[in-house]
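In this text the structure is predicted, and so the values were computed from the model without any measurement. We count residues from 1, following the sequence as given.
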Amino acid sequence: MQVIESTYVVTLRDYPEEIPAKERIAAETRYAQALEKQLGGPEQVVAALDTMHSLEESPPEVVSPGDLTLLKAWGKASAAAKQAGFRDLGEGDGAYFEVRLV
């Protein structure tokens with residue numbers, strides 16, 4: 001098994017019922033793997049998160065075409081990751097995957 005050192009964490013939040021830790025961890029892992037597959041790897045996920053955090057604090061006129069491309073790629077990647085993450089759980093009302101830098 002290959003160990004990937006990453007500097008972000010995925011957490012399933014607000015799932016409407018208690019699920020065993022093993023299932024929660026499997027869902028979070030599927031989400032992270034799908035996100036990395038879509039964006040090109042863990043380093044690209046971290047770079048995208050870092051850029052998005054910077055954009056949150058920037059005025060709209062500072063957003064570059066490259067930033068807009070990244071935002072579109074993130075939207076596509078997170079949609080695919082959400083589908084993968086909820087695959088064996090069923091989508092719970094209000095549940096979501098939080099992705100944050102550590």
Any donor-acceptor pair under 3.5 Å linking the side chain of [X] with the backbone of [Y]?
X   : Y   : answer
Y15 : R24 : no
D67 : S64 : yes
E98 : T11 : no

Minimum heavy-atom distance [X]-[Y], with the two atoms named:
X   : Y   : result
R30 : A84 : NE-O, 2.9 Å
E28 : V10 : CD-O, 3.6 Å
A81 : A34 : CA-CB, 3.6 Å

Validation row: [X], [Y] side chains within 4.5 angstrom (heavy atoms):
X   : Y    : result
L89 : L12  : yes
V99 : Y31  : yes
L49 : R100 : no
Q33 : T29  : yes

Could you measure the distance from the [atom1] atom of [X] to the [atom2] atom of [Y]? Nearest 0.5 Å is fine.
X   : Y   : atom1 : atom2 : value
E23 : D88 : CD    : CG    : 8.0 Å
L39 : L70 : CG    : CG    : 7.5 Å
L35 : F97 : CG    : CZ    : 11.0 Å

Quiz item: Taking atom CD of E18 as the centre, does the number of heavy atoms from other residues, nucleotides or ligands within less than 6.0 Å exceed 12?
Solution: no
Self-check item: side chain to side chain contact (heavy atoms under 4.5 Å, CB included) between Y8 and E36, intermediate numbers included
Solution: CA-CA 11 Å; Y8 74 97; E36 290 175 10; 2.4 Å; yes
Can you hop from [X] to [Y] via hydrophobic side chains spaced under 4.5 Å?
X   : Y   : value
L68 : L55 : yes
M52 : V46 : yes
Y96 : W74 : no

